[in-house]
Amino acid sequence: RGAPRADSAASNPPHPARRAMAPARHGAVALALFAVAPAWALVVSAKVHGQADAASADGAKVESCLKAGLGPGTEWLIEPRWKGADFKHMEFMQRRGANATADKETPLWVLHNQRVASQMKPTAVVFARNLQDVKVAATCAHKAGLSVSGQSGRSSYIAYCTGRCVLVNLHHLTDYSIDSAAEMAVLGGGMNLGQVYARLDEAGFTIPAGTIPSVGLGGLTLGGGKGPLIRLSGLTIDQLRGVDVVLGDGTVVHANQTHEPDLLWLAQGGGGGTFPGVVTAFHFHLVRSPKVMTEFYAQWDMVRKPGAKGEAFDVVPAIRSWKVWQEEYLMHPDPRVWVRLEIHPYKEPAAQSKPYISMAFKFIGMTREEAEPLLAPAIKELGQPRNGGEWSSDTYINSLVKGAGIGRVSRPGCKQWDQGLTMEEAQKDLLKDKNFCSWDAGFDAALKHRGMVMKKLSDEAIEAMMNLVLEAPYFDPTLERSWYFYLQVDPTNGFAGEVDPKATAYPWREADGMTMQVIAKWTPDVTSYTLKGFNKLVVSTLQPYVGVRAFYDYPDEDMPGGAVPLFSFFGDNAPRVLGIRAKYAHIPLDEGTRWTLEVGRAGMDFGMQPWSKPVFFDVVSDPAKQAGMMAEAIDTLGLDVSR
């Protein structure tokens with residue numbers, strides 16, 4: 001099933017623009033590869049939307065170039081604008097491009113996060129059908145002086161391609177090949193995780209990645225990628241062995257550990273918004289699918305103190321849950337044990353339940369008999385779960401189906417277990433490229449996720465955070481909302497923690513590593529200032545204890561405390577990230593992701609937070625070193641930081 005792949009180095013000599021570490025003047029370039037998507041096409045007149053003449057000129061240049069170069073069946077759009085969560089808000093005047101059709105659904109280049117979806121304003125969208133289409137799109141963008149963003153899944157939490165940008169949607173690039181003897185696979189850049197898992201499982205393999213089928217392989221991989229197999233097999237990037245890339249000028253490159261190794265290194269966690277090309281295929285080393293996945297899900301109440309209405313929640317259950325999780329399960333000596341901790345301080349209307357804490361235990365390749373004794377520390381400390389505890393044992397692929405919410409999601413076109421859904425039907429849902437039937441795939445919610453990379457928390461830090469988090473309901477006395485707020489904490493250690501921090505662009509490798517998502521969701525027809533503000537407050541409260549390290553897969557365009565995203569994402573690897581980007585970049589930086597590479601923030605002295613004790617200690621070695629690194633980057637790359 002020949003997956004798209006670049007030719008050998010012999011037929012792809014280094015491009016003159018790919019210079020070593022020569023100065024890259026103002027805006028040394030990025031291409032974004034973030035999410036996933038299908039394909040339809042209608043074209044919007046820039047003049048109808050009142051765009052500036054410059055924007056219309058860009059559209060005209062790109063349109064002429066695309067007409068001349070794209071294949072006869074390739075669909076494309078010129079200057080579309082998305083104005084809301086309903087198709088009727090998508091204004092258009094005429095259609096262009098061969099076989100272009102209008103779909104009465106959310107346009108298939110629009111992000112799932114309705115908080116930022118309308119910020120995307122590409123000059124053009126190309127639904128590439130093959131490698132040649134990607135080359136044409138990149139070449140046309142280059143000729144017009146525009147940036148290029150690859151789109152693999154539409155699951156980005158931030159907007160990209162927000163202006164003067166050609167968006168290359170990779171929905172059709174789903175070819176794949178598996179070499180079982182070599183335990184290797186080439187996976188098309190447009191595949192989503194559901195497609196990846198289903199195809200690999202047919203041969204008895206998998207890769208360590210996330211749990212939501214609709215998420216694009218491309219964006220997840222370039223940001224690092226994590227999932228339940230992380231303690232056994234590492235981050236997604238720890239099994240990545242090569243990438244096929246179309247650079248910003250249309251040059252095709254295959255990067256691996258011996259040819260263009262810098263580009264492969266950057267693909268291993270350097271982030272979709274910083275990667276200088278569109279990845280058309282990923283080359284992975286495969287791991288064997290576990291023979292069985294045994295799981296146990298438990299909830300415990302957060303009990304209110306007796307007394308007058310309005311008294312605070314008793315924080316003891318939440319504090320105990322974090323401590324027992326951290327001491328007994330975060331670094332469990334058996335890497336087959338992976339436990340997720342969640343804190344839900346709001347009463348959730350759908351559940352009709354009191355606020356709760358939960359642990360989702362995954363015992364990988366273990367039977368229930370082997371797993372049961374491992375629950376003892378949690379039961380001893382927290383008591384019997386309020387839900388009695390829910391056991392399950394199944395094949396790995398079936399556990400992925402169930403864990404994704406397939407069969408439990410109520411959405412048009414989605415059959416549920418109590419409606420007679422069979423596992424065979426459910427597995428086919430993994431192969432969907434739209435109209436997903438899994439969690440977080442309705443493309444109908446506004447989201448704010450912040451990802452904090454931390455080590456074991458002190459008792460003081462746990463208590464400070466929980467005392468704040470459990471006050472969340474009192475920011476709204478009704479205790480019931482049409483949206484949700486919760487904390488989700490996963491181990492990010494084991495295999496992943498043993499990798500050299502310099503071996504990949506993603507730098508955070510510790511034996512006691514964890515990643516916490518601070519998650520806020522609300523309906524897009526309202527603006528929840530309370531929820532967004534509280535989300536930020538939780539992170540700000542923790543920063544003095546844990547620092548400002550972050551995970552690129554959960555990018556936050558408004559990091560609290562004056563943190564500089566470049567160093568929060570990449571730490572000591574930041575100068576090399578900038579240098580490699582400059583080496584391969586060919587076009588202007590995407591305005592939507594510019595902030596991820598800036599070496600400072602307005603009003604900050606080299607990004608240092610104005611607190612009494614330094615919190616950058618775990619991002620770079622010390623403040624002096626941080627300042628020196630920034631000065632070196634500014635001088636080497638000729639960056640303009642006056643803005």
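Values below: all heavy atoms of this structure, side chains included; hydrogens, waters and symmetry mates excluded. Computed from a predicted structure; not experimentally measured.
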>> Between Asp500 and Lys502 (salt bridge meaning N to carboxylate O under 4.0 Å), is one present in this structure?
In response: no

> Looking just at side-chain N and O atoms, do Thr294 and Ser393 make a donor-acceptor pair shorter than 3.5 Å?
Replying inline: yes

>> List the residues meeting side-chain contact (heavy atoms from CB on, under 4.5 Å) with Pro507, not counting sequence neighbours, and say none if there are none.
In response: Asn573

>> With side chain to side chain contact (heavy atoms under 4.5 Å, CB included) as the criterion, how do Ser321 and Leu341 come out once you've worked through the C-alpha distance, each side chain's angles and the decisive distance to 0.1 Å?
In response: CA-CA 8 Å; Ser321 69; Leu341 174 69; 4.1 Å; yes

>> Please give me the minimum heavy-atom distance between Cys414 and Val409, naming the atom from each residue.
In response: CB-O, 3.8 Å

> With under 30° as parallel and over 60° as perpendicular, where do the rings of Tyr157 and His112 fit, or are they tilted in between?
Replying inline: tilted

>> Please check this pair: side chain of Gln114 against backbone of Leu111, looking for a donor-acceptor N/O pair closer than 3.5 Å.
In response: yes

> After noting the C-alpha distance and the side-chain angles of Phe361 and Tyr297, does the key distance pass the ring-ring contact (aromatic ring centres under 6.0 Å, His included) rule?
Replying inline: CA-CA 6 Å; Phe361 296 80; Tyr297 178 72; 9.4 Å; no

> Do Leu193 and Ile212 come within less than 4.5 Å of each other through their side chains, counting heavy atoms only?
Replying inline: no

> Taking only residues two or more places apart in sequence, or in another chain, which ones meet Ala505 in a side-chain contact (heavy atoms from CB on, under 4.5 Å)?
Replying inline: Trp265, Val577

> Would Thr504 and Arg509 count as having a side-chain donor-acceptor pair, cut-off 3.5 Å?
Replying inline: yes

>> Tell me whether Arg386 forms a cation-pi arrangement with Trp300, defined as NZ or CZ under 6.0 Å from the six-membered ring centre and within 45 degrees of its axis.
In response: no

> If you measure only the distance, is there a donor-acceptor pair under 3.5 Å linking the side chains of Tyr356 and Glu342?
Replying inline: no

> Taking all atoms of both residues into account, what is the closest heavy-atom pair of Asn113 and Leu447, and its distance?
Replying inline: OD1-N, 2.8 Å

>> Between Glu183 and Arg241, does any side-chain N to carboxylate O distance fall below 4.0 Å?
In response: no

> Under a 4.5 Å cut-off applied to non-hydrogen side-chain atoms, are Asp429 and Val401 in contact?
Replying inline: no

> Counting distance only, does the side-chain N/O of Asn535 pair as donor-acceptor with the main-chain N or O of Val518 below 3.5 Å?
Replying inline: yes

> Can you list the residues that meet the side-chain contact (heavy atoms from CB on, under 4.5 Å) rule with Ala550, with sequence neighbours excluded?
Replying inline: Met559, Ser568, Phe569

> Could you give all pairs that pass the salt bridge (Lys or Arg N to Asp or Glu O under 4.0 Å) test and reach residues 211-220, with sequence neighbours left out?
Replying inline: none

> So His332 and Tyr329, would you call those rings parallel, tilted or perpendicular, with 30° and 60° as cut-offs?
Replying inline: parallel

> Does the pair Arg368 and Glu295 meet the rule for a salt bridge (charged side-chain N to carboxylate O under 4.0 Å, His left out), with working shown?
Replying inline: CA-CA 8 Å; Arg368 177 171 173 175; Glu295 302 179 64; over 6 Å; no

> Hey, mind stepping through Leu170 and Gln151 against side chain to side chain contact (heavy atoms under 4.5 Å, CB included) and telling me if it holds?
Replying inline: CA-CA 6 Å; Leu170 302 174; Gln151 188 179 55; 6.0 Å; no

> Nearest heavy-atom pair of Leu286 and Ala185: which atoms, and what distance?
Replying inline: CD2-CB, 3.7 Å

> Is any side-chain heavy atom of Met359 closer than 4.5 Å to a side-chain heavy atom of Trp325?
Replying inline: yes

>> In the structure I gave you, are the side-chain heavy atoms of Leu487 and Gln517 within less than 4.5 Å of one another anywhere?
In response: no

>> Between Leu222 and Asp553, does the side chain to side chain contact (heavy atoms under 4.5 Å, CB included) criterion hold? Intermediate values first, please.
In response: CA-CA 8 Å; Leu222 293 178; Asp553 277 338; over 6 Å; no

> Going by heavy atoms in the side chains, are Leu263 and Phe275 under 4.5 Å from each other?
Replying inline: yes

>> Would the distance check show the side chain of Asn192 and the main-chain N or O of Val215 forming a donor-acceptor pair, the cut-off being under 3.5 Å?
In response: no

> Considering all heavy atoms of both residues, which atom of Leu431 and which atom of Ala198 are nearest to each other, and what is their separation?
Replying inline: CD2-CB, 3.6 Å

> Is the shortest distance from a Lys or Arg side-chain nitrogen in Asp490 or Arg231 to a carboxylate oxygen in the other one below 4.0 Å?
Replying inline: no

> Side-chain contact, heavy-atom cut-off 4.5 Å: Leu457 with Met514?
Replying inline: yes

> Does Ser233 reach the main-chain N or O of Ile230 with its side chain, forming a donor-acceptor pair under 3.5 Å?
Replying inline: no

> Crowded around Arg340 CZ? As in, over 12 foreign heavy atoms under 6.0 Å?
Replying inline: yes

>> How close do Pro560 and Gln543 get, counting heavy atoms only, and between which atoms?
In response: O-NE2, 3.1 Å

> Hey, are the side chains of Lys432 and Pro213 touching, using non-hydrogen atoms and a 4.5 Å cut-off?
Replying inline: no

> In chain order, what residues pass the side-chain contact (heavy atoms from CB on, under 4.5 Å) check against Asp394, with sequence neighbours excluded?
Replying inline: Asn398, Lys402

> Hey, what do you get for CZ (Phe205) to OG (Ser180), rounding to the nearest 0.5 Å?
Replying inline: 4.5 Å

> Where do Val196 and Ile207 land on the side chain to side chain contact (heavy atoms under 4.5 Å, CB included) test, with the steps shown first?
Replying inline: CA-CA 8 Å; Val196 168; Ile207 58 173; 3.9 Å; yes

> Taking atom CZ of Arg450 and atom CE of Met516, what is their separation to the nearest 0.5 Å?
Replying inline: 11.0 Å

> Under 4.5 Å between any side-chain heavy atoms of Thr515 and Met454, yes or no?
Replying inline: no

>> Please check this pair: side chain of Asp201 against backbone of Gly204, looking for a donor-acceptor N/O pair closer than 3.5 Å.
In response: no

>> Minimum heavy-atom separation for Thr236 and Lys226, please, with both atom names.
In response: OG1-N, 4.1 Å

> Among Glu327, Glu510, Gln326, whose side-chain hydrogen bond (donor to acceptor under 3.5 Å, both in side chains) with Lys456 holds?
Replying inline: Glu327

>> Looking at Arg320, I want to see if its CZ is surrounded by more than 12 non-hydrogen atoms of other residues, nucleotides or ligands under 6.0 Å.
In response: no

>> Any carboxylate oxygen within less than 4.0 angstrom of a Lys/Arg side-chain nitrogen, looking at Arg411 and Asp444?
In response: no

> ring pair (Phe, Tyr, Trp, His ring centres under 6.0 Å): which pairs involve residues 378-403, sequence neighbours left out?
Replying inline: Phe296-Trp391

> Yes or no on salt bridge (charged side-chain N to carboxylate O under 4.0 Å, His left out) for Asp556 and Lys536, after CA distance, side-chain angles and deciding distance?
Replying inline: CA-CA 10 Å; Asp556 176 14; Lys536 190 166 186 174; over 6 Å; no

>> Less than 6.0 angstrom separating the ring centers of Tyr552 and Tyr506, yes or no?
In response: no

